[in-house]
Asks: 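Here's a structure for you.
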Amino acid sequence: MKNREIARLLHEISVLLEVEGKNKFKPRAFARAARSVEALGEDIEAVAARDALTEIPGVGKSIAEQIQEYLATGKMSTLEKLRQRIPVKVEELEAIPGVGPKTIKLLYESLKITDLESLERAINEGHLKGLRGIGPKTITQIAEGIALVRGVMSRTLLSEALPIADAIVEHLKSSAPVTRIDVAGSLRRRKESVGDIDILVLSERPTDVTDAFVSYPDVSDVLLRGDTKTSIRLTNGLQVDLRLLPIESYGAGLQYFTGSKDHNVHLRTIAQRAGMKLNEYGLFKGEELVAGAEESEIYQSLGLQFIPPELREDQGEIEAAKVGRLPSLVELDDIRGDLHMHTDYSDGVNTLEEMVEAAEALGHEYICIADHTKSLTVAKGMDEEQILRRIDEIDDLNSSGRWHVRVLKGAEVDILPDGTLDLEDDVLYQLDVVTVSVHSKMQMGRATMTERIIRAIEHKHVHILGHPTGRKLFKRPAYDVDIEAIFEAARGSGVAMELNAYPERLDLGAGHLRLAKRMGIRIAINTDAHRTSELHNMRFGVFQARRGWLEADDIINTRSLDELFRFLKK
DNA sequence: GCCGTTTTCGGCCCGACTGTTTTCAGTCG
């Protein structure tokens, strides 16, 4: 998907326009479009193909043309021209905390600074001294910021950030009087990765909370400290913001700091049109506070259904809330089983019995053991003989009466490069659940890869396509594949798409899930656990499902075992 | 450049914090 790179380029245009300083609002328009493309999820090439780019919020005729030009030629002429006029490495300089377009403009125009290197040189040679608006503190801040940028600051996986946030919340609760405390920001929206952590607190003794916050054991730096806002950096580089809120504004603050930015801007315009004003202190009619203490009151007072945080991306949720059409999102409690996990028969760590015991402790009604097949030698894939032996073991285990959880017989069958399956049909037919996945030759071209996967899912005994795009966050892009064509084929043959809950996969993404839902495709949320502890990752799958607007009905492992078997019979 | 229950022009979210300022600009979220 080219969404992220297009978002980056649009953002660069926005900054360069601001550096140029001609029109105040044009940069904002590009910035908005950039965020919107990034939040899109659906492959932007697919959107372009059906001529629907201007349906993306913030994308009009002109920006749509830029995107189309880029998809056709790999270039955006607006950006090329801007770069010629202002040859500044925006992305590098902007990453320095405290440096924005105005500073970039100043540095470029007065000192011809274009990148980290020339900036560092200028600092060392003392050239920044005496620049208007740049004092000694700013120079120090920039110097430290350069080191920080070089230290590869990036986003943190949700699965890493969530426990850190929980630990800080526990620390604050145990060391200061706290009436209410919430984690807000993209973490509350359950984005697959987050840039920082936002914690909101209501307390009768706010100074004590701030003291406790800055003395959290893992703090490396206190970035700023004020009466209502304090920021720290942890030793791992992650930034955490603490906001102290007054009781009458707590809900408004929670709403505001949960975001997303575009969701909030949209809400504010709705408030404006209704003759009101919305900010982090509340919803106001003139001086009068209409709503503020509870988040739900804000939405109610604007004539909207309550919008779950996972949907707050300004991707149609506000329009849906206006007419009472928000989905009733799936919850972790709706999940009755897990259809994809490994044991020590292939590359898992734990034994069959250990996995069953752990699944039973989680309250699952059924699980499916889906070890790899023989061509995946690095994962000790099983051949037909081993699978048959495994089938007998599971039959024995189910009839032993030792467990309540029903164990289904399955395999994660490799899709070979030509689209055939890595297991003989007569063995395949003895399995309850057949998941097929690509694990090799991931670089093949779009058309070939699409055909390969379609051929596999059209096999009449296949039930689920595992990790459909193959992406790994921060590590590996998705296979180049026509996902819509695959969904089409899946609908035709009654195959479900997996939502792989592994925190660095979360494959499918939110946009693809929405597309699948619109097309009537069923989803299986599976952990792909390789050890007992990973069975807990189901929650990350559910978070992602919610971001994809999924309801319990869209998901096959929310069903009773009988209903599940009906689906599996096709 | 985008957008529309104020619709094809004329607006465009809003406040905290910091540093460098004698009253405010820039950044951030």
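A, B, ... follow the sequence lines: proteins, then strands. Residue 1 opens every chain. Here the structure is a predicted model, which means the values were calculated and not measured.
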Asks: Using whole Å, report how far CG of A:Leu283 lies from C1' of B:dC14.
Replies: 14 Å
Asks: Of the candidate nucleotides B:dG1, B:dC17, B:dG29, which contains the atom at the shortest distance from the side chain of A:Tyr256?
Replies: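 Closest nucleotide to the A:Tyr256 side chain: B:dG29.
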Asks: Do the side-chain N or O atoms of A:Gln272 get closer than 4.0 angstrom to the phosphate oxygens (OP1, OP2) of B:dT6?
Replies: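 Answer no for this pair, as no side-chain N or O of A:Gln272 is under 4.0 Å from OP1 or OP2.
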Asks: Heavy atoms, side chains only, cut-off 4.5 Å: are A:Arg8 and A:Glu12 in contact?
Replies: no
Asks: Give me the distance, rounded to whole Å, that separates B:dG19 from B:dC9 when you measure between the P atoms they each carry.
Replies: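 To the nearest whole Å, 47 Å.
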Asks: Taking C-beta and beyond as the side chain, do A:Ile104 and A:Glu18 meet within less than 4.5 Å on heavy atoms?
Replies: no
Asks: Would you indicate which nucleotide in B:dC2, B:dG4, B:dC17 comes nearest to any side-chain atom of A:Lys229?
Replies: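 Closest nucleotide to the A:Lys229 side chain: B:dC17.
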Asks: Closest nucleotide of DNA chain B for A:Val265 versus for A:Tyr281: which of these residues is on the 5' side?
Replies: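 The residue mapped nearer the 5' terminus is A:Val265.
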Asks: Nearest of B:dT6, B:dG1, B:dG29 to any side-chain atom of A:Asp198?
Replies: B:dG29
Asks: Say you pick atom P in B:dT27 and the same atom in B:dT20; how far apart are they, in whole Å?
Replies: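 Looking at atom P only, B:dT27 and B:dT20 are 13 Å apart.
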Asks: State, with a plain yes or no, whether a side-chain heavy atom of A:Arg190 is found less than 4.5 Å away from one of A:Leu162.
Replies: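 In short, these two side chains touch, coming nearer than 4.5 Å.
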Asks: Nearest of B:dC14, B:dA16, B:dT20 to any side-chain atom of A:Arg268?
Replies: B:dC14
Asks: When the P atoms of B:dC13 and B:dG4 are considered, how many whole Å apart are they?
Replies: 13 Å
Asks: Report which part of the nucleic acid A:Lys26 touches: base, sugar-phosphate, or nothing (heavy-atom distance under 4.0 Å, all strands).
Replies: base
Asks: Would you please confirm or rule out a distance under 4.0 Å between OP1 or OP2 of B:dG15 and any side-chain N or O of A:Lys277?
Replies: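 Answer yes for this pair, as a side-chain N or O of A:Lys277 is under 4.0 Å from OP1 or OP2.
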Asks: Below 4.0 angstrom from OP1 or OP2 of B:dG15, is there any side-chain N or O of A:Asn279?
Replies: yes
Asks: If I take atom CG in residue A:Asp314 and atom P in nucleotide B:dG29, what distance separates them, rounded to the nearest angstrom?
Replies: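 Taking atom P of B:dG29 as the reference, CG of A:Asp314 is at 20 Å.
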Asks: What is the distance from CD1 of A:Ile134 to P of B:dA25, rounded to the nearest Å?
Replies: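 Checked: the CD1 to P distance equals 15 Å.
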Asks: Can you tell which of B:dG1, B:dT27, B:dG15 lies closest to the side chain of A:Thr103?
Replies: B:dT27
Asks: Give the rounded distance in Å between these two atoms: CD1 of A:Ile142 and C1' of B:dG26.
Replies: 12 Å
Asks: In whole angstrom, what separates A:Phe284's CZ from B:dC13's C1'?
Replies: 14 Å
Asks: Do A:Leu53 and A:Ile44 make a side-chain contact, defined as non-hydrogen atoms from C-beta onward lying under 4.5 Å apart?
Replies: yes
Asks: On DNA chain B, does the nearest nucleotide to A:Gln141 precede the nearest nucleotide to A:Thr54 from the 5' side, or the other way round? Give the residue.
Replies: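 Here A:Thr54 is the residue nearer the 5' end.
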Asks: Where the side chain of A:Pro136 is defined as all heavy atoms beyond and including C-beta, which of B:dT20, B:dC17, B:dG29 is the nearest nucleotide?
Replies: B:dT20
Asks: Using the C1' atom in both, what is the distance from B:dT21 to B:dC17, to the nearest Å?
Replies: 14 Å
Asks: Respond yes when some side-chain nitrogen or oxygen of A:Ser231 is under 4.0 Å from OP1 or OP2 of B:dC17, and no when none is.
Replies: no
Asks: For A:Tyr299 and A:His263, take the angle between the two ring planes, folded into 0 to 90°, and tell me which bin it lands in: parallel under 30, tilted 30 to 60, perpendicular over 60.
Replies: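 A:Tyr299 vs A:His263 ring planes: tilted.
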Asks: By the definition salt bridge (charged side-chain N to carboxylate O under 4.0 Å, His left out), identify the one residue from A:Glu192, A:Glu310, A:Glu313 that meets it with A:Arg547.
Replies: A:Glu313
Asks: Checking contacts here: which listed nucleotide (B:dT27, B:dG19, B:dC17) is nearest the side-chain heavy atoms of A:Pro101?
Replies: B:dT27
Asks: Look at the side chain of A:Arg273 and decide which nucleotide, out of B:dT5, B:dG29, B:dT20, has an atom nearest to it.
Replies: B:dT5
Asks: Respond yes when some side-chain nitrogen or oxygen of A:Arg28 is under 4.0 Å from OP1 or OP2 of B:dC13, and no when none is.
Replies: yes
Asks: Can you tell me how far C1' in B:dT8 sits from the matching atom in B:dC12, rounded to whole Å?
Replies: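 These two C1' atoms come out 16 Å apart once rounded.
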Asks: From B:dG29, B:dG1, B:dT18, pick the nucleotide closest to the side chain of A:Asn23?
Replies: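 Comparing B:dG29, B:dG1, B:dT18 against the side chain of A:Asn23, the answer is B:dG1.
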Asks: Begin from the C-alpha positions of A:Leu40 and A:Gln315 and carry the test side chain to side chain contact (heavy atoms under 4.5 Å, CB included) through to its verdict.
Replies: CA-CA 8 Å; A:Leu40 187 61; A:Gln315 295 282 323; 3.9 Å; yes
Asks: What's the closest nucleotide to the A:Thr228 side chain, out of B:dA16, B:dC2, B:dG29?
Replies: B:dA16
Asks: Given atom CG of A:Leu223 and atom C1' of B:dC17, what is their separation to the nearest angstrom?
Replies: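 Computing the A:Leu223:CG to B:dC17:C1' distance gives 12 Å.
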Asks: Distance check needed: B:dC28 P versus A:Glu280 CD, whole Å only.
Replies: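 In whole Å, B:dC28 P lies 17 Å from A:Glu280 CD.
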Asks: What interatomic distance, in whole Å, is found between P of B:dG11 and the corresponding atom of B:dT6?
Replies: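 Result for the P pair: 15 Å, nearest Å.
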Asks: Less than 6.0 angstrom from the centroid, inside 45 degrees of the normal: does A:Arg243 satisfy that with respect to the ring of A:Tyr250?
Replies: no
Asks: So does A:Thr138 get a side-chain nitrogen or oxygen closer than 4.0 Å to the phosphate oxygens (OP1/OP2) of B:dT18?
Replies: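 For B:dT18, OP1/OP2 do not have a side-chain N/O of A:Thr138 under 4.0 Å.
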Asks: Distance between the C1' atoms of B:dT7 and B:dC2, in whole angstroms?
Replies: 13 Å
Asks: Report the distance from atom CZ of A:Arg225 to atom P of B:dC17, rounded to the nearest whole Å.
Replies: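 That distance rounds to 12 Å.
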